[in-house]
Amino acid sequence: MSKSVNAVDGEAISDLNLTTEQLVEFYEKMYTIQRFDTETAKLYQQNLIQGAVHSYVGQEAVAVGACSALRQGDYISSTHRGHGHCLAKGLDPKRMLAEILGRRTGYCKGKGGSMHIADLDRGILGANGIVGGGIGVATGAAFTARYKKLDFVSLCFFGDGALHQGIFHECADMASLWKLPVIYLSEYNCFAEFTHSVKTFPHLNLEKRAEPYGFPGYRIDGNDVLLVYKTVKQAVDRARRGEGPALIVATCYRLEGHYIGDPLTYRTREETEEARTKEPVSAYRRRLLKNEIAGEEILWKIEAKVQKTIQEAIDFALSSPEPETDELFTDVYATPEIQTLLLKGKK
Amino acid sequence: MSKSVNAVDGEAISDLNLTTEQLVEFYEKMYTIQRFDTETAKLYQQNLIQGAVHSYVGQEAVAVGACSALRQGDYISSTHRGHGHCLAKGLDPKRMLAEILGRRTGYCKGKGGSMHIADLDRGILGANGIVGGGIGVATGAAFTARYKKLDFVSLCFFGDGALHQGIFHECADMASLWKLPVIYLSEYNCFAEFTHSVKTFPHLNLEKRAEPYGFPGYRIDGNDVLLVYKTVKQAVDRARRGEGPALIVATCYRLEGHYIGDPLTYRTREETEEARTKEPVSAYRRRLLKNEIAGEEILWKIEAKVQKTIQEAIDFALSSPEPETDELFTDVYATPEIQTLLLKGKK
Amino acid sequence: MAVRELSYRDAIKEALFEEMRRDPNVFCIGEDIARFGGPMKVTEGLLQEFGEERVVDTPIAEAGFVGIGVGAAMTGLRPVVEVMYNDFLLLAMDQIINQAAKASYMFGGKCKMPIVVRTHAGAGRGNAAQHSQSLWMLFVHLPGVIVMAPSTPADAKGLLKSAIRADSPTLFFENKLIYGMKGPVPEGEHLVPIGKADIKRRGKDVTIVSTSRMTVFALGAAEKLAAEGIDVEIVDPRTLKPLDLDTVLESVRKTKRVVIVDEGCRTGGFTAEVAARIMDEALDYLDAPMARVATEDTPIPYCRKLELEAFPQERDIIAAVKKLA
Amino acid sequence: MAVRELSYRDAIKEALFEEMRRDPNVFCIGEDIARFGGPMKVTEGLLQEFGEERVVDTPIAEAGFVGIGVGAAMTGLRPVVEVMYNDFLLLAMDQIINQAAKASYMFGGKCKMPIVVRTHAGAGRGNAAQHSQSLWMLFVHLPGVIVMAPSTPADAKGLLKSAIRADSPTLFFENKLIYGMKGPVPEGEHLVPIGKADIKRRGKDVTIVSTSRMTVFALGAAEKLAAEGIDVEIVDPRTLKPLDLDTVLESVRKTKRVVIVDEGCRTGGFTAEVAARIMDEALDYLDAPMARVATEDTPIPYCRKLELEAFPQERDIIAAVKKLA
Ligand SMILES: Cc1ncc(C[n+]2csc(CCOP(=O)(O)OP(=O)(O)O)c2C)c(N)n1
Ligand SMILES: Cc1ncc(C[n+]2csc(CCOP(=O)(O)OP(=O)(O)O)c2C)c(N)n1
Ligand SMILES: [Mg+2]
Ligand SMILES: [Mg+2]
């Protein structure tokens with residue numbers, strides 16, 4: 001893994017054609033995600049959030065590296081562990097947190113919650129509560145790109161666990177057959193729920209899962225935001241050129257539990273501490289400093305700004321109203337006449 | 001493909017450790033299947049069979065080569081195109097044809113028909129009307145073998161079309177993880193229904209579909225019964241030793257339509273005639289003669305015997321009774337008390 | 001408008017042609033639908049006119065291509081997905097129920113999902129247990145989808161066009177036994193509104209509520225019953241969800257007797273739902289107990305003799321009506 | 001027999017321990033069930049006693065591991081498959097309906113299929129639309145499976161043991177909100193027969209037919225109603241298929257009033273089926289229209305305020321009973 005990190009360290013960074021602003025922005029985004037999910041966890045522990053919340057802490061480099069390689073008009077599909085993806089793709093922490101708190105001002109009017117944040121205008125085809133649930137959706141979006149001869153691409157985030165689902169096989173097959181511009185990005189975060197991922201795979205050369213379909217597969221260090229960026233960028237460029245899909249398996253570590261409140265009985269503190277030494281946000285911070293891309297002062301400023309943004313989001317969310325009771329019955333059908341018939345049946 | 005044929009021709013045949021009787025029996029079985037499905041087609045055209053019948057003609061070498069490498073206690077799961085598999089595994093043509101004609105004397109009392117012939121006592125876990133439907137079943141049977149520490153294996157027949165189904169991916173993954181003694185045998189017969197198979201795969205190195213799971217994949221000439229035997233035998237031996245699954249893709253050609261009555265508008269006569277030159281039953285007959293394993297006389301005798309068997313099966317089936325009307329309600333539940341409750345509800 | 005005779009198959013095909021001509025975002029996808037023209041020949045000729053970008057043959061991967069349809073629908077296309085037999089919908093249930101049906105709601109109404117899944121149901125062709133079910137109740141039961149089961153060529157055409165234009169997912173159930181059946185279909189633009197029942201025959205003695213092919217049987221039964229002096233009214237909901245209960249109730253209030261006929265299994269089936277709704281709203285109007293004619297609670301057997309016992313036949317409808325009248 | 005208090009969770013766990021000890025062919029398989037002891041901790045301790053051959057963690061592949069269960073059941077094992085949330089059954093529908101449920105019938109009765117699929121249903125925990133459904137009607141509707149939805153620890157234990165011993169596939173629906181709920185469970189061998197309803201409370205004024213957690217709510221409602229002088233009888237079918245209609249009818253004939261309560265969606269739901277059956281058999285006994293209390297026909301919303309409006313609460317049962325009594 002460390003080999004890969006080196007690949008875009010030092011002077012190699014300049015090969016990425018990123019401006020200093022962009023490189024610093026990566027940090028801001030990663031830090032935002034970290035703060036967002038850390039604060040969300042606190043709100044959860046204060047019993048302000050119902051259901052389950054899955055923290056993205058530890059995986060920030062993947063979302064930020066990947067989404068930074070996308071354009072505004074590109075699509076992503078996300079997962080139950082989706083806050084990082086959504087923030088990296090440009091969602092507003094205010095409306096995200098409002099959604100997580102079940103408020104009307106949330107992205108889904110409080111009807112979706114943490115596992116279903118979506119914003120089609122920003123190219124977010126939804127977080128998804130079904131493991132592998134976003135794979136069909138993202139592949140379908142790529143189908144639309146090809147159909148309409150538009151050059152957007154679609155990036156499909158999913159966990160290592162989702163690689164087991166049959167829908168991956170079915171969609172990868174067709175995506176390759178039709179050369180759809182979709183990138184399958186699997187985050188190997190070492191766990192599926194409470195089980196070490198290593199126990200569920202016959203072997204760990206997971207990039208080989210692209211072999212049957214004849215498109216490229218890469219396994220990379222998902223703690224290295226620049227490597228993620230570079231690899232995704234290549235895959236995206238290739239997809240945009242009409243050369244079809246790619247699979248990228250980004251190795252990282254889920255620093256928090258499966259969900260907030262997870263007793264973590266199944267892993268040792270040592271294991272987690274060892275992983276924490278590779279924690280991507282602070283690692284990238286050190287790299288920025290070391291490579292003199294940004295100084296402490298700039299980073300402090302950013303950090304303060306982010307803290308403020310998150311605090312504002314918390315305030316916004318907590319002060320937002322809940323939906324009205326009768327909103328239970330709206331939005332079941334996007335077709336207005338059906339909605340009317342349905343509501344009629346209600347009376 | 002022809003290269004593979006040579007691989008077990010001439011002296012190589014002796015390496016297979018098969019007796020002359022066995023080698024001749026292969027022919028008898030292949031010829032039986034060919035005759036069975038040819039006569040079944042005629043019965044269908046005489047409107048004596050309802051539903052759909054899928055002819056195995058052209059693929060006889062696969063079923064016979066594969067099932068000959070199995071023991072009595074091994075399991076197979078089959079497909080909609082399953083007559084050949086069932087005959088090769090030892091089913092009685094009489095009761096098979098009775099089933100196909102919907103008679104009480106059939107393997108399933110006439111309730112299953114052509115697509116659902118099963119006989120657990122002979123290790124046949126059922127033909128299956130769902131493409132890929134036998135994959136879970138066969139993998140589960142292999143699970144039982146490992147669980148009970150018995151050394152039977154399970155062989156899963158399916159078409160090339162079924163390779164696309166997600167269930168293949170999911171089961172192959174677990175079969176490899178748990179080193180289950182299952183052999184996935186995909187018959188690449190050039191078609192899925194009315195579509196040339198080549199149009200549905202991103203590339204045709206289908207043996208690579210084993211790569212993600214880390215077990216061996218082979219692509220072989222499925223017209224060569226001895227090569228099929230040899231390859232399956234190796235895979236079976238390996239599986240019996242506890243070394244896990246294998247994928248075998250056997251290339252052949254579906255000489256008849258998808259079902260009897262298929263207008264065959266989607267392929268040219270030339271294409272079929274070209275394929276017919278490699279027709280496995282007569283090819284094997286020629287090989288037996290050429291290698292002086294059997295003379296014309298012996299083969300004629302066998303052919304006459306088979307014709308008689310098939311005629312007897314036809315007579316048996318046609319003269320068998322249909323089920324009684326009230327048998328509609330039996331067998332829904334294998335648990336007798338539930339069956340009783342259900343029947344009670346009927347009155 | 002002028003009217004001509006079309007088969008059920010050709011009526012559906014015409015709907016596809018018209019909608020694909022009207023809207024470049026409409027496309028068809030499924031197994032064997034393009035080059036071969038569809039296993040039931042419903043999509044024949046589409047490839048020639050619209051090309052393989054818009055008429056797409058798929059590998060055998062129902063969950064996958066329905067899922068791709070879901071994603072395409074979310075991003076502006078209007079997929080018409082063919083799932084060959086409705087029994088194979090069971091491979092794509094997560095896509096239909098957990099993804100397509102819930103997206104609009106989960107995403108707070110900001111997601112359109114204009115996907116139509118065409119499929120066929122029905123027993124009677126000797127296809128046995130895995131190819132003969134009538135599975136619409138799975139979708140009638142669960143929120144977020146529209147469910148259609150037309151019984152005539154005109155309804156099939158008009159409903160399919162409405163389904164394609166709707167922004168919610170629609171399950172469109174054809175019946176495999178009536179593809180060749182002919183009936184009048186108006187020329188030109190013909191749309192049947194979603195959620196509107198149709199009175200297939202006016203009568204005063206008994207109401208039959210029937211769906212899909214059972215309406216064909218009900219019409220046959222009505223002819224024979226008429227000869228015996230029983231004047232039957234037939235209400236076909238056409239859209240099973242949302243259900244046009246008003247039209248059903250109006251008829252029931254008039255005739256005061258009702259037989260509900262459906263090819264789904266009896267337990268938890270459409271006949272139970274309609275009976276329960278009539279009971280909720282119009283029980284007092286009834287002069288006789290409601291009768292329900294449905295498929296027996298067994299898998300569909302292969303052997304024809306048993307198969308014809310398993311699902312409702314014209315004779316069963318006649319018997320049920322006579323018991324009431 | 002002696003009786004002690006066990007939680008719903010522990011009662012189920014005890015059934016698993018006992019059956020695995022009794023029969024070496026019984027094994028458990030599912031996601032996170034072995035090392036972690038199950039996401040709901042139902043399988044905790046099984047791995048330690050029975051080892052990883054008999055307590056099997058799977059990858060996330062519902063269709064695959066249910067399918068493996070089907071094949072294992074056909075070849076002599078008795079799998080107890082855990083599908084974490086019942087919403088994920090939708091990924092394994094083909095295996096359950098087209099394979100497991102039909103095998104006995106299609107194969108002419110020569111195939112046993114002793115597979116139990118354990119899962120949990122229910123809203124009320126803020127898990128939103130893809131983790132809160134109550135999907136039993138999909139299985140009640142289709143032939144070939146047994147469907148259970150126990151409401152008490154004792155029933156959960158006794159039914160699960162019967163399910164494991166049955167030779168037909170069983171869908172066993174737990175409820176996520178009552179795992180911690182305690183109740184008396186007899187010591188020693190305790191079996192609840194399949195297809196036998198239980199009267200959870202005797203009363204004379206109104207019958208409540210309720211399932212799963214709704215029985216818990218019904219019991220709460222009954223207490224409050226009693227204080228107001230309304231004496232409610234509660235019939236819990238426990239097995240939803242086959243349904244013990246006799247016990248339901250007997251109660252209804254006595255009280256002459258019935259409220260049916262179920263957490264599945266209203267349309268095409270269990271309440272419609274029970275209402276239709278009562279209507280078929282005992283309509284004349286009723287002194288008031290039947291009332292049905294069910295989940296609204298919407299996906300389950302995330303926000304608690306809306307969620308609690310979506311599925312039946314104790315107050316809804318009370319209101320329905322009062323309207324009748
Ligand atoms: C189809 C399905 N099966 C099971 C679950 C329960 N579940 C939620 S998250 C999860 C683990 C997912 O692991 P992975 O894909 O690696 O994602 P991660 O949580 O590690 O981000 C499981 C099993 C689910 N939501 N959907
Ligand atoms: C799940 C499912 N989808 C579609 C079908 C319809 N169907 C029956 S056979 C067939 C083609 C199967 O092709 P292949 O697997 O190559 O088998 P072959 O017919 O060539 O033996 C299809 C699509 C089916 N039976 N099951
Ligand atoms: Mg993971
Ligand atoms: Mg084929």
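Here is the naming used below: chain letters follow the sequence lines, and residue numbers restart at 1 for every chain.
- Between the Ser77(A) side chain and the Gly134(A) main chain, a donor and an acceptor come within less than 3.5 Å of each other.
- Side chains of His85(B) and Thr79(B) form a contact here, defined as non-hydrogen atoms less than 4.5 Å apart.
- Residues from residues 147-172 of chain B that place a non-hydrogen atom less than 4.5 Å from a non-hydrogen atom of chain A comprise Leu163(B), His164(B), Gln165(B), Gly166(B), Phe168(B), His169(B), Glu170(B), given in numerical order.
- The side-chain heavy atoms of Val232(B) and Ile248(B), taken from C-beta on, include a pair separated by under 4.5 Å.
- Remark: the Arg254(A) side chain and the His54(A) side chain contain no N/O donor-acceptor pair separated by less than 3.5 Å.
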Given Asp237(A) and Lys233(A), is the salt bridge (charged side-chain N to carboxylate O under 4.0 Å, His left out) satisfied, shown in steps? CA-CA 6 Å; Asp237(A) 290 346; Lys233(A) 186 83 170 60; 3.2 Å; yes
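- Proximity of the aromatic rings of His80(B) and Tyr259(B) is defined here by a centroid distance below 6.0 angstrom, and this criterion is not met.
- Taking the ring-ring contact (aromatic ring centres under 6.0 Å, His included) definition, one finds that His116(A) meets it with nothing, sequence neighbours left out.
- The shortest distance between side-chain heavy atoms of Leu125(A) and Val137(A) falls below 4.5 Å.
- The stretch residues 173-196 of chain B places Asp173(B), Ser176(B), Leu177(B) near chain A, each with some heavy atom under 4.5 Å from a heavy atom of that chain.
- Using a 3.5 Å distance cut-off with no hydrogens or angles, the side chains of Tyr253(B) and Glu271(B) do pair a donor with an acceptor.
- At a cut-off of 3.5 Å, with distance as the only test, a side-chain donor of Thr272(B) or Arg267(B) sits close to an acceptor on the other residue.
- Side chains of Glu274(A) and Glu270(A) form no contact here, defined as non-hydrogen atoms less than 4.5 Å apart.
- For the pair Val249(B)/Leu247(B), a side-chain contact is recorded, criterion being any heavy-atom separation below 4.5 Å from C-beta on.
- In this structure the side chain of Leu70(B) reaches within 4.5 angstrom of the side chain of Val236(B), judged on heavy atoms.
- Of residues 198-216 of chain A, those residues with a non-hydrogen atom less than 4.5 Å from any non-hydrogen atom of chain B are, in numerical order, Lys199(A), Thr200(A), Phe201(A), Pro202(A), His203(A), Lys208(A), Arg209(A), Glu211(A), Pro212(A), Tyr213(A), Gly214(A).
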